[in-house]
Amino acid sequence: MSTDLRDSRPPLPASPAAAAASTPAAARVPVPAATAELHDLVIDWFGEHARDLPWRRPDAGAWSVMVSEFMLQQTPVVRVLPVHAEWLARWPRPADLARESPGEAVRAWGRLGYPRRALRLHAAATAIAHQHGGEVPHSHSELLALPGVGEYTAAAVASFAYGRRHIVLDTNVRRVFARLVTGVEYPPNATTAAERRTATALLPADEGTAAQWAAATMELGALLCTARSPQCGACPVAARCAWRLAGSPPHEGPARRGQTYAGTDRQVRGRLLAVLRASTDPVPQAALDAVWHEPVQRARALDGLVEDGLVEPLADGVYRLPA
DNA sequence: CATCCGTGGAT
DNA sequence: TATCCAAGGAT
């Protein structure tokens, strides 16, 4: 919203030159002002164009936010929407999920992918129910201690659910900063210390503004500053985007290798688990054998699922989702 | 730090 | 058809 006009925030966004040069007052003054403008531009844009997502509505609690964050880890919004609604209706509070078997969480996960997330979310709900009085923790460190919650998710829940001030570095925000600040098309493969410094430098001092900034930059990356075809014409900060000002140079260096999927253990695991999800009764070995012809890989995949706790072997070659 | 872990839509 | 990519985390 309105930005505090006093420049009480830390200096420096971009220009390494400006930062390096031990410039006296004159060169430092414009920076915080420009940063405050940046906040306003992106946050105002967000106010106009933000999607009306269930976990963003005023009545959405921290649990709704947390469930959405788990589901959105590497899965697009459109596929998350219906499953998220089912989960919140069925398990309105963490304790409700905690009372279920892990297998039911895996089943209700459906085809969102990476089903270990369902297991971890169930484990997180159990920890919340038993160790946090049933309430999703507020602090970043407590969130981080939950299974399936890493640096990003802890910051996202603290920021989106509780309005706390954190750098929130997901793939969208990292891409926005790579372009806007660093002037390159894509961020590094893994989050770097330099990215954290950039995000910290740009983080609004005011807590509420910081939370809006986090959501707004993420939305900007999701809707306009996309990986494939950025819509710079509609971008509120295109005029000061370092990448654009540099002529939108293409990504340098090796293309990030896409993970081939066909024929991998992941595909086999997916098929095996699909059979188990579809059946409320334990499944005989023969039904699992039918999904993949190669016996060695098939056995390895099944062993992996058991190892991960996604599948429970019963006696005499029968399997089911974990009770 | 590199790999592994699902799934499906868009280009 | 092949590749890319989507609100990452754990090891």
Side-chain angles (χ1 to χ4, degrees), chain A residues 46 50-51 53-56 60 64-84 106 109-121 123-124 143-161 166-177 185-193 195 199 211 214-223 225-230 251 254-277 291 300-301 303-305 307-311:
Chain A
F46 182 66
R51 290 167 293 179
L53 301 171
W55 44 89
R56 280 183 185 159
S64 176
V65 172
M66 185 167 200
V67 171
S68 79
E69 290 303 336
F70 269 75
M71 292 182 172
L72 288 164
Q73 292 168 4
Q74 302 287 283
T75 301
V77 169
V78 286
R79 275 167 45 207
V80 164
L81 285 169
V83 184
H84 179 270
V106 172
W109 196 253
R111 306 189 66 79
L112 288 181
Y114 294 142
R116 292 188 295 189
R117 291 181 291 164
L119 234 37
R120 291 174 185 149
L121 182 48
L143 288 163
L144 195 56
L146 296 171
V149 177
E151 179 184 350
Y152 160 75
T153 301
V157 172
S159 183
F160 302 154
H166 291 287
I167 59 169
V168 179
L169 281 176
D170 79 319
T171 186
N172 290 305
V173 176
R174 295 180 60 224
R175 188 174 54 249
V176 168
F177 288 169
E185 187 176 18
Y186 297 121
N189 286 322
T191 304
T192 63
E195 289 181 275
T217 48
M218 189 174 303
E219 191 77 338
L220 187 66
L223 296 184
C225 196
T226 59
R228 287 283 184 82
S229 50
H251 178 70
R256 25 236 242 236
R257 54 193 171 292
Q259 346 92 297
T260 52
Y261 179 65
T264 61
D265 285 6
R266 290 152 81 174
Q267 183 180 24
V268 184
R269 287 167 56 109
R271 289 194 182 184
L272 291 170
L273 205 57
V275 171
L276 289 156
R277 275 198 313 264
V291 306
R300 185 173 64 234
D303 284 349
L305 288 170
E307 181 70 24
D308 289 346
L310 284 162
V311 172

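Reminder, nothing fancy here: chain letters follow the sequence lines and each chain counts from 1. Because the structure is a prediction, the values reported are computed rather than measured.
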- Item | Rounded interatomic separation in angstrom, taking CG from A:Asp170 and C1' from C:dA6 | 10 Å

- Query: How is A:Ala156 classified with respect to the nucleic acid when contacts are heavy atoms under 4.0 Å: base, sugar-phosphate, or nothing?
  - Reply: nothing

- Respond yes when some side-chain nitrogen or oxygen of A:Tyr261 is under 4.0 Å from OP1 or OP2 of C:dA2, and no when none is. no

- If we take the P atom in both C:dA7 and B:dC5, what is their distance in whole Å? 22 Å

- Whole angstrom is fine here: how far is it from CD in A:Glu151 over to P in B:dC1? 13 Å

- Note on the structure: Heavy-atom nearest pair, A:Glu195 first then A:Pro187, reads OE2-CB, 3.7 Å

- Could you check which of B:dT7, C:dG8, C:dA6 has an atom nearest any side-chain atom of A:Arg277? B:dT7

- Taking atom P in both C:dC4 and B:dT3, what distance in whole Å separates the two? 16 Å

- Of all the nucleotides listed (B:dG6, C:dA7, B:dT7), which has the minimum atom distance to the side chain of A:Pro115? B:dG6

- Which residue pairs pass the salt bridge (Lys or Arg N to Asp or Glu O under 4.0 Å) test when at least one of the two sits in residues 264-273 of chain A, sequence neighbours left out? A:Asp265-A:Arg300, A:Arg269-A:Asp308

- Between C:dA6 atom P and A:Leu223 atom CG, what is the distance in whole Å? 13 Å

- Looking at every strand, decide which applies to A:Leu305 at a 4.0 Å heavy-atom threshold: base, sugar-phosphate, or nothing. nothing

- Task: Calculate the interatomic distance between A:Leu121 atom CG and C:dG8 atom P; express it in whole Å.
- Result: 16 Å

- Message: Tell me whether the side-chain N or O atoms of A:Thr75 pair up with the base of B:dG6 as donor and acceptor below 3.5 Å, since no angle test is needed here.
- Response: yes

- Message: Counting runs of three or more consecutive pairs, Watson-Crick or G-U wobble, with each distance below 3.5 Å, where are the stems of DNA chain C?
- Response: B:2-5 with C:8-11, B:7-11 with C:2-6

- Nearest heavy-atom contact between A:Phe70 and A:Pro147 is CZ-O, 3.4 Å

- Over all atoms of both residues, closest heavy-atom pair of A:Tyr114 and A:Gln73: CD1-O, 4.5 Å

- Query: Looking at A:Arg175, does any N or O in its side chain come under 4.0 Å of the phosphate oxygens OP1/OP2 on C:dA6?
  - Reply: yes

- Minimal non-hydrogen separation, A:Ala222 against A:Arg51, with atom names: CB-NH2, 3.7 Å

- Separation of A:Tyr152 atom OH from C:dA6 atom C1', in whole Å? 12 Å

- Item | Interatomic spacing from CD1 in A:Ile167 to OG1 in A:Thr217 - rounded to 0.5 Å | 11.0 Å

- Query: From B:dC5, C:dA7, B:dG8, pick the nucleotide closest to the side chain of A:Arg111?
  - Reply: B:dG8

- How would you label the contact of A:Gly113 with the nucleic acid (heavy atoms, under 4.0 Å): base, sugar-phosphate, or nothing? base

- Task: Decide yes or no on side chain to side chain contact (heavy atoms under 4.5 Å, CB included) for A:Arg277 and A:Arg111, but give the supporting numbers first.
- Result: CA-CA 10 Å; A:Arg277 275 198 313 264; A:Arg111 306 189 66 79; 3.4 Å; yes

- Rounded to whole angstrom units, what separation is found between the OH atom of A:Tyr114 and the C1' atom of B:dG6? 6 Å

- Query: Hey, does A:Trp55 reach any base, or is it just sugar-phosphate, or nothing, if we go heavy atoms under 4.0 Å?
  - Reply: base

Would you list the protein and nucleotides 9-11 of chain B atom pairs, both N or O, that sit under 3.5 Å from each other?
residue: B:dT11; atom: O4'; partner: A:Arg228; partner atom: NH1; Å: 3.4

- Query: Looking at the side chain of A:Arg117, which of B:dC5, C:dA7, B:dG6 is the nearest nucleotide?
  - Reply: B:dG6

- Message: Need one value for A:Leu112: base, sugar-phosphate or nothing, where a base atom within 4.0 Å counts as base even if backbone is also close, heavy atoms only.
- Response: base

- Which atom names give the shortest non-hydrogen contact between A:Val168 and A:Ala214, and what distance separates them? CG2-CB, 3.7 Å

- Message: Just to be sure I understand the rule, does A:Tyr186 reach a base, reach only the sugar-phosphate, or reach nothing, if contact means heavy atoms closer than 4.0 Å?
- Response: sugar-phosphate

- Heavy-atom check, side chain of A:Trp55 versus side chain of A:Val80, under 4.5 Å: yes

- Determine the contact category for A:Val149: base if any of its heavy atoms lies under 4.0 Å from a base atom, sugar-phosphate if only primed atoms, P, OP1 or OP2 are that close, otherwise nothing. sugar-phosphate

- Message: Rounding to an integer number of Å, can you tell me how far A:Leu72 CG sits from C:dG8 P?
- Response: 8 Å

- Query: Starting at the 5' end of DNA chain C, which residue's closest nucleotide do you reach first, A:Pro76 or A:Leu146?
  - Reply: A:Pro76

- Is the shortest heavy-atom distance from the side chain of A:Tyr152 to the side chain of A:Glu69 under 4.5 Å? yes

- Query: What distance do A:Arg175 atom CZ and A:Leu169 atom CG have between them, rounded to the nearest 0.5 Å?
  - Reply: 13.0 Å

- Item | Separation of atom CE in A:Met71 from atom P in B:dG6, rounded to whole Å | 16 Å

- Message: By nearest atom, which of the nucleotides C:dA6, C:dG8, C:dA7 is closest to the A:Thr153 side chain?
- Response: C:dG8

- Item | Closest-nucleotide ordering on DNA chain B, the 5'-leading residue of A:Ala190 and A:Gln74 | A:Ala190

